[in-house]
Amino acid sequence: MPALRSFEGLRAVVTGASSGIGEALALRLAKEGTDVALVARRTAELDRVAGAIRDLGRRALVVPCDVARRDEVFASAERILAEFGSVELLVNNAGYGGHRPFLEWDIDDIERIMQVNYFGAVYWTKALLPKMVEQRRGWIVMMASVAGKLGVPDESAYAATKFAMVGLAEALSYEVEDFGVHVLTVCPGAIDTPFFDEQARRRMPEVAKRMMIEPARVVEATIRALRAGKYEVTVPPFIRAGYIVRALAPGIMRRNTKRVAAPPLA
């Protein structure tokens, strides 16, 4: 069954767990009775999150790792499996963004953002999926973005990584569901975290600023979607209307996106 009725006693891996959605989701999983392996580059921040999880009575494993490095990911996965015995839940959350016109986007950063956001998810999935298939039980969460469904100005490189993640998740879900592994894609809108720095917020249209949501809302939607066995969830839900408009009336969607989402002129 794809529905995850109870989180009690599960072992999870959360990447990008040192802050933002990753931290909030790791803590929520611990409250639900899950032991959590925390993956990120900042050891001190992981230690802080681990302390909070242990205070909740759950096991926390600190795993410093650069998800963009394949060797580090596979070594970290081996360590986690040796410590936990198995992993039932993988949350591919690690990632970063950028907000600038493509012509101004440094090509080295374009390569790096794809390596972190997309290939980081590929590496962790490759490292842990075989064990899930073997045990005929597992859940994989791809923390994508509305930007992986609807392209907007100033997010070309970031959107490319999330479109890739959405496509990977959809195709993978067909391949592994008969082996007892369920894949959930989460597509949040703009979230009020340090992801949006001061420069990004200055360029952000006013309508986008008003629509920003808190990380807790994404966490709750993710937990509910796992419990319901959903394959995809968008937060907030009303954004799904944009998917329909783009499919049925692409010209209207294009004009509206340019009008509403285009950054203010310098």
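Starting from 1, each residue takes its place in the sequence as its number.
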Taking the side chain as every heavy atom from C-beta outward, state whether M143 and V218 have any atom pair closer than 4.5 Å.
-> yes
All heavy atoms of V183 vs all of A169, minimum pair found to be CG1-O, 3.7 Å
Evaluate the side-chain contact (heavy atoms from CB on, under 4.5 Å) criterion for residues L81 and L128: first the C-alpha distance (whole Å), next the side-chain angles of each, then the deciding distance (0.1 Å), finally the verdict.
-> CA-CA 9 Å; L81 290 172; L128 295 177; 4.1 Å; yes
V176 side chain near M132 side chain, heavy-atom distance below 4.5 Å = no
With the 4.5 Å side-chain cut-off for hydrophobic clustering, are L56 and V219 part of the same group?
-> no
In terms of hydrophobic clustering (I, L, V, M, F, W, Y; side-chain heavy atoms under 4.5 Å; direct or indirect links), are F238 and V146 co-clustered?
-> yes
I140 vs S173 side-chain heavy atoms within contact, under 4.5 Å | no
Kindly say whether P64 contributes a backbone atom to a donor-acceptor pair with the side chain of E72 at under 3.5 angstrom?
-> no
Are side-chain heavy atoms of R28 and F7 found at a separation under 4.5 Å?
-> no
Go through the steps to decide whether V186 and I21 satisfy the test side-chain contact (heavy atoms from CB on, under 4.5 Å), and finish with yes or no.
-> CA-CA 12 Å; V186 182; I21 295 175; over 6 Å; no
Drop me the distance from L38's CG to C65's SG, to the nearest 0.5 angstrom.
-> 12.5 Å
Working to the nearest 0.5 Å, report the span between CG of D35 and CG of L10.
-> 9.0 Å
How far does CG of N256 sit from CZ of R254, to the nearest 0.5 angstrom?
-> 12.5 Å
May I have the step-by-step check of side-chain contact (heavy atoms from CB on, under 4.5 Å) for F179 and L129, ending in yes or no?
-> CA-CA 10 Å; F179 296 103; L129 179 60; over 6 Å; no
If Ile, Leu, Val, Met, Phe, Trp and Tyr residues are connected whenever their side-chain heavy atoms lie under 4.5 Å apart, and connections chain through other members, are F163 and V235 in the same group?
-> no
Step-by-step side-chain contact (heavy atoms from CB on, under 4.5 Å) determination, L29 to L89 | CA-CA 10 Å; L29 289 171; L89 174 60; 3.8 Å; yes
Write down the atom of R79, the atom of V63, and the distance for their closest heavy-atom approach.
-> NH1-CA, 3.8 Å
For the atom pair OG1 (T185) and NZ (K230), what is the distance rounded to the nearest 0.5 Å?
-> 13.0 Å
Looking only at non-hydrogen atoms, find the nearest pair between V166 and C187 and report the distance.
-> CG2-SG, 4.3 Å
All heavy atoms of I239 vs all of G189, minimum pair found to be CD1-CA, 4.2 Å
For A3 and W139, the nearest pair of non-hydrogen atoms, with its separation, is O-CZ2, 4.0 Å
V67-L172 co-clustered via ILVMFWY side chain contacts under 4.5 Å | yes
So do Y123 and Q115 actually touch side chain to side chain, heavy atoms under 4.5 Å?
-> yes
Under the 3.5 angstrom rule, does the side chain of T15 hit a backbone N or O of N93 as a donor-acceptor pair?
-> yes
Supply the atom-to-atom distance E104 CD to D154 CG, rounded to the nearest 0.5 angstrom.
-> 8.0 Å
side-chain hydrogen bond (donor to acceptor under 3.5 Å, both in side chains) evaluation trace for R42 with S19 = CA-CA 10 Å; R42 297 180 295 173; S19 63; 3.1 Å; yes
Can you check whether E23 reaches R48 side chain to side chain, under 4.5 Å on heavy atoms?
-> yes
More than 12 heavy atoms from other groups under 6.0 Å of CZ on R41 = no
Check the surroundings of atom CZ in R227: do more than 12 heavy atoms from other residues, nucleotides or ligands lie under 6.0 Å from it?
-> yes
State whether the number of non-hydrogen atoms from other residues, nucleotides or ligands found under 6.0 Å of R69 atom CZ is greater than 12.
-> no
Sub-4.5 Å side-chain heavy-atom contact between Y231 and H182 | yes
Smallest separation among heavy atoms of A144 and P188, with atom names = O-CD, 3.5 Å
Is the number of heavy atoms from other residues, nucleotides or ligands within 6.0 Å of CD (E83) greater than 12?
-> yes
Please answer whether the main-chain N or O of A216 pairs with a side-chain N or O of E214 as donor and acceptor at a distance below 3.5 Å.
-> no
Is a salt bridge present between E8 and R58, judged by a nitrogen-to-oxygen distance below 4.0 Å?
-> yes
Looking only at atom types and distance, does a side-chain atom of R246 sit under 3.5 Å from a main-chain N or O of K149, one as donor and one as acceptor?
-> yes
Treat each ILVMFWY residue as a node, draw an edge where side-chain heavy atoms are under 4.5 Å apart, and state whether I244 and I252 are in one component.
-> no
Here the gap from I113 atom CD1 to F119 atom CZ, rounded to the nearest 0.5 Å, amounts to 13.5 Å
Pairwise side-chain contact, H99 with Y158, heavy-atom cut-off 4.5 Å (strictly under) = no
Salt bridge present between K162 and E155 (N-O < 4.0 angstrom) | no
